[in-house]
Structure formats: structure tokens, C-alpha cells
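Each chain gets a letter, A, B and so on, in the order its sequence line appears, and its residues count up from 1. Being a predicted model, the structure only gives us computed values, none of them experimental. As a basis for the values below, the full set of heavy atoms in this structure was taken, side chains included, without hydrogen atoms, waters or symmetry mates.
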Amino acid sequence: MGALRLEAVRPRVLAPVNLTLEAGELVFICGPSGSGKSLLLRAVADLDPHAGEVWLGTEARSTMAPARWRQRVGLLPAEAFWWADAVGEHFPAAARREQDVDERVAPRSADRGHDDLLATLGFAPDVLDWSVARLSTGERQRLALARLLAQGPEALLLDEATANLDPSNRERVELVVETYRVAAAAAILWVSHDPEQRERLGGRQFGIRDGRLGQTEAATADPARLEDGR
Amino acid sequence: MSLVLLTPFDLALAAVLVLLLAAMSWYLHLGVERRLLIAAARSTVQLMLVGLVLKALFAQTNPWLIGLMALFMLAVAGIEVLQRQKRRFRGPWGYGIGAFSMFISSFSVLFLTLTLIIRVEPWYQPQYLIPLLGMLLGNTMSGAAIALDTLTRGAWDARGRIEARLLAGGTWDQAIASLRRDSLRAGLIPIVNAMATAGLVSLPGMMTGQILAGSPPMEAAKYQLLMMFVISAGTGLGSVAAVWLGSRRLFDERERLRLDRLRDQGRDRGQ
């Protein structure tokens, strides 16, 4: 896993952003709504046209197939969308395989890590058979995170990952994200409106003011990392 | 049995029926009498002109003039496809995708039909080419228009789901696959339905025409079958081409969904 480096990334409403997240580093972004936080994450995931380059470790985004990039730098949008009927259909084939095999022949031990992840988020393994239409907003949000982590991203972009959750589920999500960050040494860029959450989890914090991204608390980090682009 | 020639007086009698309808609309305050009369006048002028043009074309069998006529028909069909889109592509693509798809499908199917199936000599004999092209274009036009409209509207509405597939590491191809299937299906339904009910309710227009012109019904039925088969091939090919080009155009080289390439609804010129 490697560092995530944004080089003059320029979403529609922001001045160019230069920002480096070390492998396994957690960085928070906050700012008023409409200030461009989500657009910045979308730009990093390469969903919108924009100028700039992003590096994952030593690999430049422009040298990688877009699908591969989005799989390795996983974005969790504020609103999770589901394209099929059953929850399990949205998970990568490897995580789903145990479902397809006859259970009497192959006991459910093939993918323990996956079941553990679902359990930590408060779901039984049979959630994969559930219909998406039955899910509540909060369940959708938690399962969207499980779905994202199942694709094994090397860096994470989280957009309001806990916005619709009650306190106990919020803790579950934070625990899962923190565990993943440490275990996979994944750089995490997290857009969050919750000051207590930012306090709780630590890490550098950036805010967006007047179309510019700037560090709001110089507590832990090296200010030289953020060079203003304009 | 021979062709009964219509005199201007015969047509005038039929036109009186339209006038009566217009009078009824005026009397009952239906408010359509004006549009009805204008439409009737338009069709009179258009059909008379086409009759004259075809008469001249048939007399000469000049391949360049026939080509010009074919291109004119294609151009009008292209405009029609464009106008049936709720969300069309910006710039030349809006017109180009529909017109190009109809061009490759209708013209290739037409050429095969004329050279391999009907085998007229020369193959561009306008008496066959122009009516066949008209029927092919008319149906391909509906197919391509419905398919493209389903595609662009669907992409607009399903943006979140399409991008979710991209974010899950899917290619543009996988992200649009189900919508592409739906669009193709929608484009093909009219011709499939037409084939399924052909002859049960109404006789198809071409068969009717041939019977009125004195052909034996069995011969007319055979021609109609031939046309239905080649029309479904042309419509299928045209819809596939339009949907493929359209879905490719919805994504850029970095496989991003580019809805900004579609015009906003109801606004004529974007941005």
C-alpha cells in the first residue's frame, strides 16, 4: 500500500489542491455544504473531468486503467446507490463465491474476514441474501462501506460515512474504518461534519474556505505538506 | 383486375370529408379545425411534390439524382430522430449518432435486399429503391429514436447507480450494460409487435397498396413478408448502432459518466 498524493487536483469550484497522505494516514476535511468537499473526492476518484494528477505510491493515476484506479482508491459517496436486487450481488465475486457453492459441500469458512467485517458492522452473514429494497438508510450506508472494503481498496475516500447513523452504529463504522486503516495501511481522506468525530479519531484536519483547502489545526502534522497551488 | 385511376374530382370528394370534419370541430369547439386543415394541405402539397419528383426520377434512372433523394430522406429522418429525444447529445453528436446509425443500417440492408433478394437490374432502379428505403428509414427511425431516448433518459435518471458500478471497479461497459439492454429492447418492441399482429387487425400498408394496384394477394403477402424481415433487420442494426455509439459517447476516455454531454431538459442551447 502506498501514500496518496494529490498534485494540483482542481475540481470545479476549488483552487488547485496539493496534499499528501502517507500510507495509513487519516486526514479529515470539513467545510460548509456546497464548498466542494464531495467534488474533491469525486475528482480524486476520477468521476468528474478536472485538471491535476493523483499518485498512489509510485503509480500515477493516468497510467492506470480507470476501473483499476477506482477499485484501488475506493470512494464511499454520501448516498450509496445499489444497482441490483440482492445485497450480495453488489459484492465482488470473491466475497460472494461462498454463496454460490452448495453450503453442505463447502462450509462457510471460505471467507472468514468478510463475515467478520459484516458482523462488526452489525449484520449476520445472511445479509447478502437480503433484498436492497428492504434496507433502511442506515443499513444501506453501513453495507455500502462493507461493499467498498470487500473490493480491497488501498486508499479510502469517505464522504460523510456516518451521517445517517445512530451513535452505536457510528462507533461500529469508525471501528471498522480504523481497523482497516491499520491492517491495510490505507490512506484515508474523510469528509466529516462531526467535530467530535474528528476529535475522537485524530489526524490532520483541513477546511475549505473561499474555494481553498487549508489546514485548520496544525497539531499533528508538517505544514509544509500543504502547498497552496495558485 | 386493373388499376382504377383517381381523378382530381375523386380526390376533391374525399377532401370534402375532411372539410366536414373541420366544420364539426368548429361547431363542437374542439379547436383542432385549423391544425386539421393545415395538416391536410401539407400532406397534399408534400405528396404531390413527391409524386412529381419520383416521376422525374423514374424517367431518368440517374444514380446521382437517386443518391441525392436518398440523402435527403436520410437527412429528414435524422432531424426526426433528434426531435424525439428528451435529452439529446450536445453538438453534432445529437444529430450525428441517429443519422449515422440509420445510414449504415438502412443503406446496407437496402443494398443487400436489392442485389441479393429482389435482384433488380440495375440495382438502383428508383421504382424499387425509393419506396424500400422509405419503409426502411421510417421504421429504423422509430427504433433508433426510441432506443436513444431510452438510453439518454435512463443514464440521466440512473446516474447514481451507474457511477456506483464505476466506483466498484467496473468498466464503462459493465456500468451501462443493463441500460443498454433495456434501450435495445425498447427500440425493437415496435417492429416485433408489428410482425406479431401483421394481417390480423389491419393489412400492412404496403400489402394494401399492392392489392389495390391489382397484385394477387399472395404476391402482395410475400412482398410484405420480405419487407417485414428486412425492416426488422434494419431496425435491429440501426438500434444497436445508435445505442452503442450513444453509450460510448456517454463516457469519456477516463470512463467517467459525462451527463454534461447531454442537453438540459427544455433548454434549447445549454450553458
ask   = What are the two closest heavy atoms between A/Met64 and B/Arg254, and how far apart are they?
value =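 That closest heavy-atom pairing would be O-NH1, 3.0 Å.
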A/Ala67 to B/Gly170 - nearest heavy-atom pair and separation =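 For A/Ala67 versus B/Gly170, the nearest heavy atoms are CB-O, 3.6 Å.
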Please say whether more than 12 non-hydrogen atoms of neighbouring residues, nucleotides or ligands are located less than 6.0 Å from [atom1] in [X].
X: B/Arg248; atom1: CZ; value: yes
X: A/Asp85; atom1: CG; value: no
X: B/Tyr95; atom1: OH; value: yes
X: A/Asp210; atom1: CG; value: no

key: Most chain B-contacting option - heavy-atom pairs closer than 4.5 Å, from A/Ala84, A/Ser62, A/Gly74   =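 Maximum pair count with chain B is reached by A/Ser62.
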ask   = In terms of heavy-atom pairs under 4.5 Å, which option from A/Gln151, A/Gln71, A/Arg72, A/Glu79 contacts chain B the most?
value =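 Greatest number of close heavy-atom pairs with chain B: A/Gln151.
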Side-chain heavy-atom pair [X], [Y] within 4.5 angstrom cut-off:
X: B/Arg256; Y: A/Asp48; answer: no
X: A/Leu76; Y: B/Leu167; answer: no
X: A/Leu47; Y: B/Leu257; answer: no

key: Value rounded to 0.5 Å, distance of CH2 in A/Trp83 from CZ in B/Arg165   =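 Result: 5.5 Å between the selected atoms.
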query = CH2/A/Trp82 to CZ/B/Arg161 distance, rounded to the nearest 0.5 angstrom?
reply =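 The CZ atom of B/Arg161 is 13.5 Å from CH2 of A/Trp82, to the nearest 0.5 Å.
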